[in-house]
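Please read all numbers here as calculations on a predicted model, not as lab measurements. Below, each value reflects all heavy atoms present in this structure, side chains not excepted, and no hydrogens, waters or symmetry copies. One-based numbering along the sequence shown.
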Amino acid sequence: MTPYADLVITGADVYTVDAARSWSDAVAVRGDRIVALGAPAVAELIGPRTRVIEARGKMVLPGFQDAHVHAPFAGRNRLHVDLSGLVGRQAYLDRIAAYAAAHPGAPWIVGGGWAMEYFPGGTPRKEDLDAIVPDRPVFLFNRDVHGAWVNSAALAVAGIDRDTPDPADGRIERDPVTGEPTGTLHEGAAYTFNDRHVPLPGRADWEAAILNAQEHLHSLGITGWQDAWVTPATLDAYRSLDASGRLTARVVGALWWDRHRELDQIPELLGQREAGAAPLGRGDTPGRFRPTTVKIMTDGVMENYTGALLEPYCDGCGGHTDNHGLSYVERDLLAAAVTELDRLGFQVHMHAIGDRAVRNALDAVQAARAANGGGGDRRHHIAHLQLVHPDDVPRFRELGVTANCQAYWAQMEPQMEELTLPFLGRDRADLQYPFGDLLRSGATLAMGSDWSVTTADPLEEIEVAVTRIDPENRDNAPFLPEQALPLPVALAAFTAGSAHVNHDDDAGTIAVGNRADLAVLDRNLFSRAAGPVGDAHVDYTIAAGSVVYERA
């Protein structure tokens with residue numbers, strides 16, 4: 001083995017994200033390991049074949065890890081009809097029409113990423129799609145993947161008409177006069193349609209989608225993630241990419257809990273865990289994918305009134321309804337599921353938007369601890385946390401539950417202003433995304449994007465965590481600024497915190513002996529001259545010692 005380093009970064013401000021938040025000025029990498037820190041030690045390891053990156057004025061961080069992302073689905077959208085990032089109904093229709101014209105032989109038009117805020121009541125209509133794609137079914141998930149926009153041809157394929165009943169876990173949007181479906185499917189109505197009628201991608205399609213997503217995530221400094229929705233099909237694709245060495249990120253797969261079933265599905269999840277995991281070893285290429293987690297969706301979202309609340313939704317006019325939202329897994333079943341999964345060594349990753357959902361999720365972990373003891377280092381976590389009752393904030397630390405924060409959502413924007421605040425009421429609205437309170441209570445914080453729901457860019461997300469302001473509208477007033485996080489805390493959540501959730505104790509900080517997962521930024525985020533965090537760029541991404549992205 002050569003005594004020299006394979007890669008050296010010199011002249012940079014190296015922020016290690018260790019417990020002391022210490023700094024260095026150079027990093028040396030041999031193989032997939034960090035072998036030296038500091039200019040004097042690193043200089044001794046520069047040999048004739050060492051690649052030297054001179055990074056004066058730049059900042060080196062541990063590679064970001066996204067604790068909640070939907071890489072296969074985001075990649076699939078990018079390869080089909082990707083509406084994310086577009087502004088307004090007409091921009092959506094132009095993109096859909098262009099794709100349909102460019103793919104006349106495609107039997108279905110699929111994709112997603114539309115935002116509810118651009119349609120009255122958050123519900124687009126089939127007539128708009130009928131006008132541009134009258135001959136083929138169209139199915140487009142919205143950006144939060146809790147609803148879908150379909151045309152008349154798609155409704156006909158599924159046999160959905162005015163007499164079709166709503167599923168128990170969803171709703172078909174209907175014209176208030178005629179009762180006819182309007183073209184929006186909510187929650188279970190959208191998922192059932194997708195599962196039963198939209199043609200399924202094959203393994204090669206899913207592999208292409210994951211690789212497309214991986215390329216994008218690497219360009220943002222991300223070296224690992226937790227996939228929050230792994231199906232048997234995407235599990236197979238991840239396994240194939242891992243075995244062939246094409247998976248260059250570290251990925252934890254959260255196996256999908258079928259909310260229409262009970263504990264009888266656990267043996268199947270055990271089988272998926274066994275089939276999907278390759279041996280992990282220091283320096284080994286295989287073993288970058290580990291399906292060791294189960295994802296349970298406990299409720300819906302606020303915008304379509306399916307987030308589970310302790311008190312009912314307001315009616316938007318100052319009164320109350322009798323709607324408390326939906327619990328997709330009832331409280332007692334959730335507790336039994338988490339207890340059994342915990343006993344079998346699974347980590348549990350729970351989606352919880354409303355305060356009732358958050359409480360039920362915490363109660364489930366408490367039940368598991370009571371039944372199984374506090375050992376095992378499962379690192380259970382709850383994602384989203386839009387509304388948390390103050391009584392439940394300290395329970396995260398007490399129960400050892402990580403708060404998996406989607407920081408980009410904690411801003412004032414049209415969807416919040418028009419589709420959320422009027423239906424929560426002022427008192428509850430002030431309890432949203434209480435990241436500061438969670439920090440002050442001693443909770444462990446991790447961060448994830450939920451991409452493609454919103455941007456995958458950690459720097460934009462961190463800016464919102466720190467400012468509580470939309471990076472595209474920086475003159476806005478901050479949204480509940482008392483819940484903002486200090487920059488060191490936000491950076492640690494997207495590196496060490498998410499690595500903790502992913503059981504990746506070999507990464508998340510920069511230290512000799514750790515895996516060389518690094519992100520090189522074009523500026524020091526702590527510098528007074530740095531400007532807004534979201535304006536920074538990633539110049540290099542290094543995963544397990546290999547440069548996987550280099551900005552042109």
Can you name the side-chain hydrogen bond (donor to acceptor under 3.5 Å, both in side chains) partners of [X], sequence neighbours left out?
X	answer
Ser327	Arg356
Thr339	none
Asp430	Arg426
Lys58	Asp539

What's the separation between atom [atom1] in [X] and atom [atom2] in [Y], rounded to the nearest 0.5 Å?
X	Y	atom1	atom2	value
Thr298	Leu333	OG1	CG	12.0 Å
Asp392	Asp437	CG	CG	12.5 Å
Arg428	Met302	CZ	CE	7.5 Å
Met416	Tyr433	CE	OH	5.0 Å
Thr455	Leu220	OG1	CG	6.5 Å

field: Full working for side-chain contact (heavy atoms from CB on, under 4.5 Å) between Thr123 and His186
entry: CA-CA 9 Å; Thr123 59; His186 298 285; 3.9 Å; yes
Around atom [atom1] of [X], are there more than 12 heavy atoms from other residues, nucleotides or ligands closer than 6.0 Å?
X	atom1	result
Arg397	CZ	no
Glu215	CD	no
Asp427	CG	no
Glu472	CD	no
Arg259	CZ	yes

Short N-O contact, [X] and [Y], less than 4.0 angstrom:
X	Y	result
Arg250	Asp506	no
Lys295	Asp227	no
Asp32	Arg288	no

Test log, rule ring-ring contact (aromatic ring centres under 6.0 Å, His included), inputs Phe346 and Trp257: CA-CA 12 Å; Phe346 281 106; Trp257 179 270; 9.5 Å; no
Kindly state each residue pair satisfying salt bridge (Lys or Arg N to Asp or Glu O under 4.0 Å) with at least one member in [range], sequence neighbours excluded.
range	answer
residues 336-351	Glu340-Arg343, Asp342-Arg378
residues 297-326	none
residues 443-470	Glu463-Arg474

message: Side chains of Thr292 and His503: any donor to acceptor distance under 3.5 Å?
response: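 His503 vs Thr292: no donor-acceptor pair found between side chains.
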field: Thr306 and Glu187: side chain donor to acceptor below 3.5 Å
entry: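 On atom types as modelled, these side chains qualify, holding a pair under 3.5 Å.
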message: Suppose the criterion is side chain to side chain donor-acceptor pair (under 3.5 Å): which pairs have a residue in residues 518-534, not counting sequence neighbours?
response: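 Listed by first then second residue: Asp13-Asn524.
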query: What residue pairs, at least two apart or across chains, pass ring-ring contact (aromatic ring centres under 6.0 Å, His included) with a residue in residues 374-396?
result: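 Passing the test, one end in residues 374-396: His68-His384, His349-His381, His351-His384, His384-Trp409.
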field: ring-ring contact (aromatic ring centres under 6.0 Å, His included) contacts in which one or both residues fall within residues 457-480, not counting sequence neighbours
entry: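 Sorted result for residues 457-480: empty, none.
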Show me, pair by pair, the donor-acceptor contacts under 3.5 angstrom made by side chains of residues 484-499, not counting sequence neighbours?
from, atom 1, to, atom 2, distance (Å)
Thr495, OG1, Leu491, O, 2.7
Thr495, OG1, Ala492, O, 3.4
Ser498, OG, Gln65, O, 3.1
Ser498, OG, Met447, N, 3.2
Ser498, OG, Met447, O, 2.9
Ser498, OG, Ala493, O, 3.1

query: Side chains of Thr444 and Arg379: closer than 4.5 Å at any heavy-atom pair?
result: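 No - every pair of side-chain heavy atoms lies 4.5 Å or more apart.
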Can you give each donor-acceptor pair under 3.5 Å made by side-chain atoms of residues 113-122, sequence neighbours left out, with the distance rounded to 0.1 Å?
from, atom 1, to, atom 2, distance (Å)
Trp114, NE1, Leu140, O, 2.8
Trp114, NE1, Phe141, O, 3.3

